[in-house]
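Report on the structure given below.
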Amino acid sequence: MDDQELDWLRLNQVHWDERVLTRWAQVVERLLASGGFLYLVEFHPFAHTLDEATGRTVAFDYFDEGPLVSTDSGSYADRAAATRQNTTVQYEHRLGSVISAIAGAGLRIEFLHEHEITLFQQFASLVRGPDGFRLPAGHQRVPLMYSLRASKSR
C-alpha cells in the first residue's frame, strides 16, 4: 500500500469513527435514559495476538493499534468461501480502551467476564464443543471472548 492509500484509509477511518461513535453514543444514551443497560460481547483482543495455526504462541503485538490491512479470502464463518472483495482495514480495541470509553461515558461497569470459548474456529487447533470452540483439553486456556454489562451511574 502506498502513502496516498494509507492517507485515504486514515481519512476514511476518522470520518467513520466520528459518525459511528456519535450514533453509538446517542443510542446508548436513549437506552440508558429508559432504564436500560449496555451489554457487550466481543472477541477478546488478547486472542488476536496469538498465532493463527495453534492459538498458543503470542505472534502479534497486543498494543499495536495501527491499521491491520488484510487481504484474506473467505470469512470467519467459511474460510474456504470464494470471495473477491477481500481487502479490509481493521483496528483493535484493547480491553482497557473499551472499559475506559464506557467509564468515560459515565457508565458503571457491573461485570466483566472473560471466556475460554469463541463462536468460530479462529485457530486451526480449536475444537468444537456444545458451547463453542475452545483449545483442546490439556492445553493452557486463554481468553477468546469477553462480555460486560454497564448501566447509568446512580
Side-chain angles (χ1 to χ4, degrees), residues 1 5-6 9-10 12-21 23-25 27-28 31-32 36-153:
M1 225 175 227
E5 288 176 308
L6 288 175
L9 290 173
R10 184 189 58 76
N12 187 52
Q13 185 67 46
V14 171
H15 175 86
W16 175 256
D17 284 349
E18 179 183 45
R19 282 148 183 81
V20 170
L21 292 176
R23 178 71 179 137
W24 184 84
V27 169
V28 169
L31 177 69
L32 296 174
F37 58 88
L38 171 68
Y39 186 74
L40 181 65
V41 178
E42 293 276 356
F43 297 109
H44 201 292
F46 181 74
H48 296 154
T49 69
L50 303 174
D51 71 285
E52 294 176 3
T54 68
R56 297 180 60 206
T57 303
V58 174
F60 305 100
D61 185 346
Y62 181 83
F63 294 100
D64 183 2
E65 294 183 351
L68 303 171
V69 180
S70 173
T71 57
D72 295 339
S73 60
S75 74
Y76 69 89
D78 181 2
R79 293 189 179 202
T83 55
R84 294 182 316 181
Q85 305 300 323
N86 295 321
T87 302
T88 62
V89 180
Q90 301 173 32
Y91 291 81
E92 282 293 330
H93 301 290
R94 304 293 163 237
L95 200 53
S97 299
V98 172
I99 291 171
S100 294
I102 291 170
L107 303 180
R108 182 179 62 85
I109 296 172
E110 297 175 13
F111 65 75
L112 168 66
H113 297 199
E114 295 175 288
H115 309 280
E116 64 182 281
I117 63 165
T118 188
L119 302 176
F120 71 102
Q121 193 169 18
Q122 182 176 356
F123 310 115
S125 62
L126 294 181
V127 294
R128 182 188 292 269
D131 55 352
F133 292 88
R134 67 180 68 233
L135 287 166
H139 289 112
Q140 298 296 332
R141 297 175 298 158
V142 297
L144 299 174
M145 294 184 71
Y146 72 93
S147 58
L148 67 81
R149 179 176 161 142
S151 58
K152 195 164 192 159
S153 297

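The shortest heavy-atom contact between His93 and Val98 is CB-CG2, 3.9 Å. Taking each heavy atom of His48 and Phe60 in turn, the nearest pair found is O-CD1, 3.7 Å. Of all non-hydrogen atoms in Ala47 and Pro143, the two that sit nearest each other are CB-O, 3.7 Å. For Leu50 against Gly55, the heavy-atom pair with the smallest separation is CD1-O, 3.3 Å. Nearest heavy-atom pair, Ser147 versus Tyr39, reported as atom, atom and distance to 0.1 Å: CB-OH, 3.5 Å.
One finds the CZ atom of Arg128 at 8.0 Å from the CD atom of Gln121 (value rounded to the nearest 0.5 Å). The structure places CG of Leu38 at 5.5 Å from CD1 of Ile102, a figure rounded to the nearest 0.5 Å.
The aromatic rings of His115 and His113 sit tilted, their planes meeting at an angle between 30° and 60°. Ring geometry, Phe120 versus Phe43: the interplanar angle exceeds 60°, so the pair is classed perpendicular (tilted spans 30 to 60°).
Atom CZ of Phe111 sits in a crowded spot, with more than 12 heavy atoms from other residues, nucleotides or ligands closer than 6.0 Å.
Counting only heavy atoms from C-beta outward, the side chains of Asp51 and Phe123 never approach each other to under 4.5 Å. In this structure, the side chains of Arg134 and Ile117 come closer than 4.5 Å at one or more pairs of heavy atoms. When side chains are defined from C-beta on, Leu126 counts as touching Leu135, because their heavy atoms get closer than 4.5 Å.
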Check: Should Leu95 and Glu114 be marked as a side-chain contact (heavy atoms from CB on, under 4.5 Å) after you check the CA-CA gap, both sets of side-chain angles, and the distance that decides it?
Finding: CA-CA 11 Å; Leu95 200 53; Glu114 295 175 288; 4.0 Å; yes
Margin query: Using side-chain contact (heavy atoms from CB on, under 4.5 Å), reason through Thr118 and Met145 one step at a time and then give a plain yes or no.
Written below: CA-CA 6 Å; Thr118 188; Met145 294 184 71; 3.9 Å; yes
Next item on the list: Report the C-alpha distance between Leu107 and Phe37 in whole Å, list the side-chain angles of each, state the deciding distance to 0.1 Å, and finish with yes or no for side-chain contact (heavy atoms from CB on, under 4.5 Å).
Entry: CA-CA 9 Å; Leu107 303 180; Phe37 58 88; over 6 Å; no
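With a 6.0 Å cutoff to the six-membered ring centre and a 45° limit on the axis angle, Arg94 does not count as a cation-pi contact of Phe63.
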